[in-house]
Amino acid sequence: MVSDNIKLTPQNAPHRALYHALGLTEEEIARPLVGIVSSYNEIVPGHMNIDKIVDAVKLGVAMAGGTPIVFPAIAVCDGIAMGHVGMKYSLVTRDLIADSTEAMALAHGFDALVMVPNCDKNVPGLLMAAARLNLPTVFVSGGPMLAGHVDGCKTSFSSISEAVGEFNAGKITEEKLKEYELKTCPSCGSCSGMYTANSMNCLTEVLGMGLRGNGTIPAVYSARIELAKHAGMAVMDMIKRDIRPRDIMTGEAFENALTVDMALGCSTNSMLHLPAIAHECGIEIDLDIANSISEKTPNLCHLAPAGRTYVEDLDEAGGVYAIMHELNRKGLLNTGCMTVTGKTVGENIANTPNLDPEVIRPIENPYSETGGIAVLKGNLAPEGSVVKRSAVLPEMLRHEGPARVFECEEDAQAAINAGKINPGDVVVIRYEGPKGGPGMREMLNPTSAIMGMGLGSSVALITDGRFSGATRGACIGHVSPEAASGGPIGIVQEGDIISIDIPGNKLELKIDGEEYNRRMSEFVPKVKPLSGYLKRYAALVSSGAKGAVLN
């Protein structure tokens, strides 16, 4: 065991003295030391229950013969950070989380880890750390929030975001807006739709790094506590079997994750995080693979914001394993991949039928024959851009319109709120990419305002930033190269015609080649004055098309 190097010999007496200072007994010191990485805090609703999850994990580890020791990981609430400078600090925490977890685990010689994340960058950050460290590791999240209820209908975070747009358009009263505010987020947990946090927790199951139910058992259910205990037991079994993250997160496992991503209709942010996690495993994912997988993968779920079902409904329908069972009926999964259970994917999903065909469509009756995410390329996005196709209205799958160009999110938001965006427009928000933002802010406020004002069937949004998992509509993000790196989104002028063809995977600026070349040759990207961590991040971060990894 790794910890034997710092606790066995007479020369390790100083180390043991410090273990005793922690109150550890001789018996505890002799056992495998299991780090429990807790992202508990009191500012993120998805993390406020994690202290209970951590206590259950500790009990599971101890029951199976290990010594659990807790250390922290930070987490940002994207919803609270949304729409102001705070959102610049969301994506950047993914690397802080990975780096700090690596430092803590190696500095203290842990034999194994149990990661207890929940919200958006916390899950991929800890998956990146798990890949780097390659110690036996199991994930168990804090779980999803229950849906809210307004006027007899279920609601989620996107509901309150869009209600603001309805209020600004005079469609609802201030009293109704207040009702949404009080009833939309009724419990702790990651917001109840198929947003980024729930997407990544579900994909952790698919990758094989979490036990069944990790992505879907609601945060407030006692079954979540039982799951945490089993996670603690599972990591001890992994130590005995010497099963490690890179045995699990193989190229085939990432293909499975992309396949389920398409079937489930995950957040477009998965197209940032999966490549970044794979990169830590020594595996490179080209965005082009997303379209090739999408072409053969049917979309089986329309969870909020794409539809009217929620993660709690997916759990009742059989969860992620039921989706995988449906996909495997057509041989779309690599079933030989190892998982944290010590069994293969095929063994795990063998008896996991779809319990509700209204929530998980049978594979013979999908919402569409192609997957929920599409990668678009063209002269406006030579390296690619990403759209959640399953959340786009049919009439907006193909669209041409005049560009309305904004240099930042705030300017676009002000124009939308002032009623200056017209049906048919294509809103372009640039200098919000990984380097140019910096931090690649999510654009939930502008997109929600567009939907709430009734323009979702006629207005598209394009950005080198990204969109929240709560976003729906013809919203195309991750445009690469970004404006700050000299990308063509930087040469778009007010009134230029932009053509969007989602079925054809095309995003084009409709100007002639000579004019395009002239503008590109004369283009000098704007440079923002920066300081602190954002300055270091902007200097190191790669393109969104490559997962915004740090070079």
Side-chain angles (χ1 to χ4, degrees), residues 36-41 44-50 53-54 57 72-79 81 90-102 113-133 137-145 188-211 213-217 219 224 227-228 231 245 248-249 253-254 257-258 260-261 264 266-281 311 319-320 340 442 466 468-470 547-549:
I36 315 299
V37 186
S38 170
S39 63
Y40 168 77
N41 63 48
V44 184
H47 292 227
M48 62 179 286
N49 67 318
I50 279 178
I53 304 298
V54 167
V57 172
I74 63 169
V76 164
C77 177
D78 277 24
S90 172
L91 179 60
V92 304
T93 65
R94 187 184 70 181
D95 295 274
L96 286 173
I97 291 162
D99 293 348
S100 59
T101 302
E102 174 192 354
L113 300 168
V114 179
M115 307 293 198
V116 191
N118 209 23
C119 292
D120 294 12
K121 310 312 166 297
N122 202 237
V123 183
L126 290 179
L127 281 165
M128 289 164 68
R132 279 187 208 172
L133 294 162
T137 303
V138 175
F139 277 68
V140 56
S141 76
M145 185 183 290
C188 63
S190 48
C191 295
S192 56
M194 191 46 62
Y195 310 145
T196 305
N198 291 327
S199 295
M200 293 309 302
N201 281 322
C202 287
L203 294 180
T204 299
E205 282 190 59
V206 184
L207 282 170
M209 292 296 294
L211 300 177
N214 179 61
T216 60
I217 297 172
R224 175 68 51 183
L227 181 72
I248 294 169
M249 291 192 286
F254 283 102
L258 286 165
V260 176
D261 190 329
L264 189 50
C266 290
S267 163
T268 52
N269 285 309
S270 63
M271 293 294 103
L272 275 178
H273 300 321
L274 288 175
I277 299 160
H279 179 76
E280 297 290 348
C281 295
V311 180
V320 174
V340 293
E442 290 184 343
R466 59 196 176 95
S468 165
V549 299

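No experiment lies behind these values; they were computed from the predicted model shown.
The side chain to side chain donor-acceptor pair (under 3.5 Å) check on Glu205 picks up nothing, with sequence neighbours excluded. Every residue meeting the side chain to side chain donor-acceptor pair (under 3.5 Å) condition with Asp78, not counting sequence neighbours, appears here in chain and number order: Ser90, Lys121. Applying the side-chain contact (heavy atoms from CB on, under 4.5 Å) rule to Pro124 yields the partners Arg94, Met200, His273, Ile277; only residues at least two apart in sequence or on another chain are considered. Under the side-chain contact (heavy atoms from CB on, under 4.5 Å) criterion, Thr268 pairs with Val386, Lys388, His478, sequence neighbours left out. With sequence neighbours excluded, no residue satisfies side chain to side chain donor-acceptor pair (under 3.5 Å) with Asp120. With sequence neighbours excluded, the residues forming a side chain to side chain donor-acceptor pair (under 3.5 Å) with Thr216 are Asp315, listed by chain and number.
Listed for the Ser39 side chain is a donor-acceptor partner under 3.5 Å among the backbone atoms of Val116. Panel note: side chain Asn198, backbone Val311; no donor-acceptor pair is recorded below 3.5 Å. Judged by distance alone, with hydrogens and angles left aside, the side-chain atoms of Asn118 form a donor-acceptor pair with the main-chain N or O of Gly46 at under 3.5 Å. A donor-acceptor contact shorter than 3.5 Å is absent between the side chain of Asp261 and the backbone of Leu203.
Residues Met115 and Ala129 share a closest heavy-atom pair of CE-CB, 4.3 Å. Smallest separation of non-hydrogen atoms from Val37 and Ala73: CG1-CB, 3.8 Å. Heavy atoms only, all atoms of each residue included: Gly547 and Ala276 are closest at O-CB, 3.9 Å. The minimum heavy-atom distance between Ser270 and Pro275, with the atom names listed, is O-CD, 3.8 Å. Taking both residues in full, the closest heavy atoms of Ala253 and Ile248 are given as CB-O, 3.3 Å, listed atom of the first, atom of the second, then distance. Shortest non-hydrogen contact noted between Met194 and Cys266 is CG-CA, 4.0 Å.
In this structure, Val76 and Val44 have side chains that are not in contact, with every pair of non-hydrogen atoms separated by 4.5 Å or more. Ile74 has its side chain within reach of Leu96: a pair of non-hydrogen atoms, C-beta onward, lies under 4.5 Å apart. Residues Tyr40 and Val54 form no side-chain contact, since every pair of their non-hydrogen atoms from C-beta on lies 4.5 Å or further apart. Side chains of Pro144 and Ser190 form a contact here, defined as non-hydrogen atoms less than 4.5 Å apart.
Summarising the geometry, atom OG1 belonging to Thr101 is positioned 8.0 Å from atom CG belonging to Leu133; distances are rounded to the nearest 0.5 Å. Atoms SG and CG, from Cys202 and Asn214 in turn, are 8.5 Å apart once rounded to the nearest 0.5 Å. A distance of 4.0 Å separates SG in Cys281 from CZ in Phe254, rounded to the nearest 0.5 Å. Note that the CG atom of Asn122 and the OG1 atom of Thr93 stand 7.5 Å from one another [nearest 0.5 Å]. How far NE2 of His279 is from CG of Leu274: 14.5 Å, rounded to the nearest 0.5 Å. With values rounded to the nearest 0.5 angstrom, Leu207 atom CG is found 9.0 Å from Leu258 atom CG.
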Residues Arg466, Leu272; criterion side chain to side chain contact (heavy atoms under 4.5 Å, CB included); working and verdict: CA-CA 9 Å; Arg466 59 196 176 95; Leu272 275 178; 3.7 Å; yes

Candidate pair Glu442 and Asn269, rule side chain to side chain contact (heavy atoms under 4.5 Å, CB included), full reasoning: CA-CA 9 Å; Glu442 290 184 343; Asn269 285 309; 3.1 Å; yes

Derivation and outcome, side chain to side chain contact (heavy atoms under 4.5 Å, CB included), residues Met48 and Asn41: CA-CA 6 Å; Met48 62 179 286; Asn41 63 48; over 6 Å; no

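Judged by distance alone, the side chains of Ser267 and Thr196 do bring a donor and an acceptor atom under 3.5 Å apart. With hydrogens and angles left out, the side-chain atoms of Ser141 and Arg224 include a donor and acceptor closer than 3.5 Å.
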